[in-house]
Amino acid sequence: MGVKAALPRYELYFYNVVLCMAMLWAARWIFDVSSSSSNRKTFKTSVQSGWYYSGRKMDTADVEWMMWFSTFREHIIFALSGHVIFAKICTLLAPQYRSLVFMVYGMLAVFTSMGWAYVTLILSHCVLLYSISLVKLRWLCFVAGLTTLATFKMEPFISWQAGFVSGSFELRPLLFYGGCGFTIMRCLSFALENCERKDGNYSILELLKYNFYLPFFYFGPIMTFDKFYIQANNPNLTRKDGEMWNISIQALLNLGVIMIVAVILHFMYILTIPSDMKLLKHISDWALAGLAYLNLVYDWVKTAVMFGVINTVSRLDHLDPPKPPKCITMLYVFSETHFDRGINDFLCNYVYNYLGGKHDNVLDELIGSLCTFGITALWLGPSWVVFIWAFLNCFGLNFELWIAKFFTMEPFISIEMAISESMSRRIRAVFNAFNFWTIVLYNVLVLNSLEFANLVAKRLLLKGFPFTTITVMFVTYCLIQLIKERERRQALIDDPDPIPPPAPTPAPTPTDPSTTQTDAAAAATQPVDPNKQKAE
């Protein structure tokens, strides 16, 4: 049914009130647990001294967040600031060489931080995959790229390649694996785009420019080669009206979110509590559900902020980087679930859409999704938890297609056409609420632990049934309706679909007094084309 189906305002107000009360209640429970458990033995390693004037300790369990915005904050700011300064000078003096300057600065920064042996290792992988791309066989490029990626995920190849990097500073392992992993994915994107090029080949210099662009080098996001090549070599460097203002606002917004997250980590230890199974057994079902949900929200915020900082720098370089991931709060279908839009675009462009076609055939969808999640599992690093996560998400994605096809059959399609659009929206939201929590549980599995995901599932579905289950699903239903309302309003903005004014009716002539009645009868009996109705 139409996505523009509206609900009464009082109903939406009720959903807002219920959702706000539920979130405040869950936050109060987590705050109380954090305050009373800050001195537990299991918290000593991850809950450490925070801001002096706050009088509270800080949750430091997320190494990546602490690295970006605490431990190595000055180093990252220095490197990115240098890139911005050199890029601006080059853009003013010799804009035709700006992509070359990006490459030179990136190689110098990588050499300074990791040494010449690491740069040599990266260059060897670039040369290898470039040589294979000259053959212009997609399957061979995939085999070579994924095999090379596997050498950074499995022993003894990991230890052998890590031996090329000297030094033992704290950030070294993260930079090593981040730079190598993203390098392989970028080289694979280059190789696949080179296969599609009909006239000649891209030069290896274009690959090096693409790979050693510093803002994307260590931490991503992945920008496919075809987009980077066009934008980095675009001679037109004029900005749209208000573009610098939007970039400044985005930078200030990222700074504000960083401060808010820092405050939250001082008062709610949402990252450390899931690791203490003894403590989790004593907190309420509602606090446990809120904890699982907030862990996913936090991971989305972290990804959005980290990529937001990098994207701000790349937008100053006149690039259009991948957008931040869609908020987990807005996700209730598997087909839109992702935490890294760069990786998602890469997989959709080269694997999922290439093999899945239009995603309306069950077999093609199964093959495309299996290959997509297989590569994702390799990217994340093969382990039983990752394999379980990949299987469950692959099943959820295909199950959605099966259910959608099933409900387009009779008598379901006739029943839906017989009820109002608002009632159809309410019924769909009930099913979406269950889908939402399967997405939460599947992703909590890989973000936290198998034990935590198992405990949340048992408490919500088995031990807490029926009261906790019904309550959580009802609150989730309210959330889904608010999401759908936002989507409805956005759809009206994007495609208002105005009703054209009626054509003027000519006055009946004296010789044919029945003209008006005949036209009215014909208009009343004319069938409505159901294909013009947008599917939700």
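This is a predicted model, so every value here is computed, not measured. We use all heavy atoms of the structure for the numbers below, so side chains are in, but hydrogens, waters and symmetry mates are not.
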Problem set entry | Pairs where residues 138-155 contributes a residue and the test salt bridge (charged side-chain N to carboxylate O under 4.0 Å, His left out) is met, not counting sequence neighbours |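 Pairs touching residues 138-155 that pass the test: R138-E196.
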Exercise. Honestly, is R341 close enough over F307, meaning NZ or CZ under 6.0 Å from the six-membered ring centre and within 45° of the axis?
Worked result: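 Because its charged atom misses either the 6.0 Å distance or the 45° angle limit, R341 does not stack over F307.
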Exercise. Judged by modelled atom types alone, do N349 and T224 share a side-chain donor-acceptor pair under 3.5 Å?
Worked result: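 Judged by distance alone, the side chains do not pair up.
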For this session: Compute whether any side-chain donor of one residue and acceptor of the other, for H125 and Q161, lie under 3.5 angstrom apart.
Result: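 Judged by distance alone, the side chains do pair up.
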Exercise. Quick one: side-chain hydrogen bond (donor to acceptor under 3.5 Å, both in side chains) partners of S124, sequence neighbours excluded?
Worked result: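 Listed in chain order: nothing, the list is empty.
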Exercise. So do the side chains of Y218 and S113 get within less than 4.5 Å of each other, counting heavy atoms only?
Worked result: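 Counting from C-beta outward, Y218 and S113 do come under 4.5 Å.
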Problem set entry | Qualifying residue, where the test is ring-ring contact (aromatic ring centres under 6.0 Å, His included) with H83 and the options are F212, F102, F216, F217 |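 Testing H83 for a ring-ring contact (aromatic ring centres under 6.0 Å, His included) against F212, F102, F216, F217 leaves exactly one candidate, F102.
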For this session: Could you tell me if the ring centre of Y229 sits under 6.0 Å from that of Y210?
Result: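 Ring centres of Y210 and Y229 not closer than 6.0 Å.
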Problem set entry | Check: W437 ring centre within less than 6.0 Å of Y442 ring centre |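 Judged by ring-centre distance (under 6.0 Å), W437 and Y442 do not meet the cut-off.
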Exercise. Atom CH2 in W300, atom CG in N295: separation rounded to 0.5 Å?
Worked result: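 Those atoms lie 15.0 Å apart.
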Exercise. Parallel, tilted or perpendicular for F86 and Y105, by the 30°/60° rule?
Worked result: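 The rings of F86 and Y105 sit tilted, inter-plane angle from 30° to 60°.
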Problem set entry | Crowding at OH, Y354 (>12 non-hydrogen neighbours, <6.0 Å) |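 For Y354, atom OH is not crowded (no more than 12 foreign heavy atoms under 6.0 Å).
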Exercise. Testing N311, I247, L80, T91 for side chain to side chain contact (heavy atoms under 4.5 Å, CB included) with L316, which one passes?
Worked result: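 Exactly one option meets the side chain to side chain contact (heavy atoms under 4.5 Å, CB included) with L316, and it is I247.
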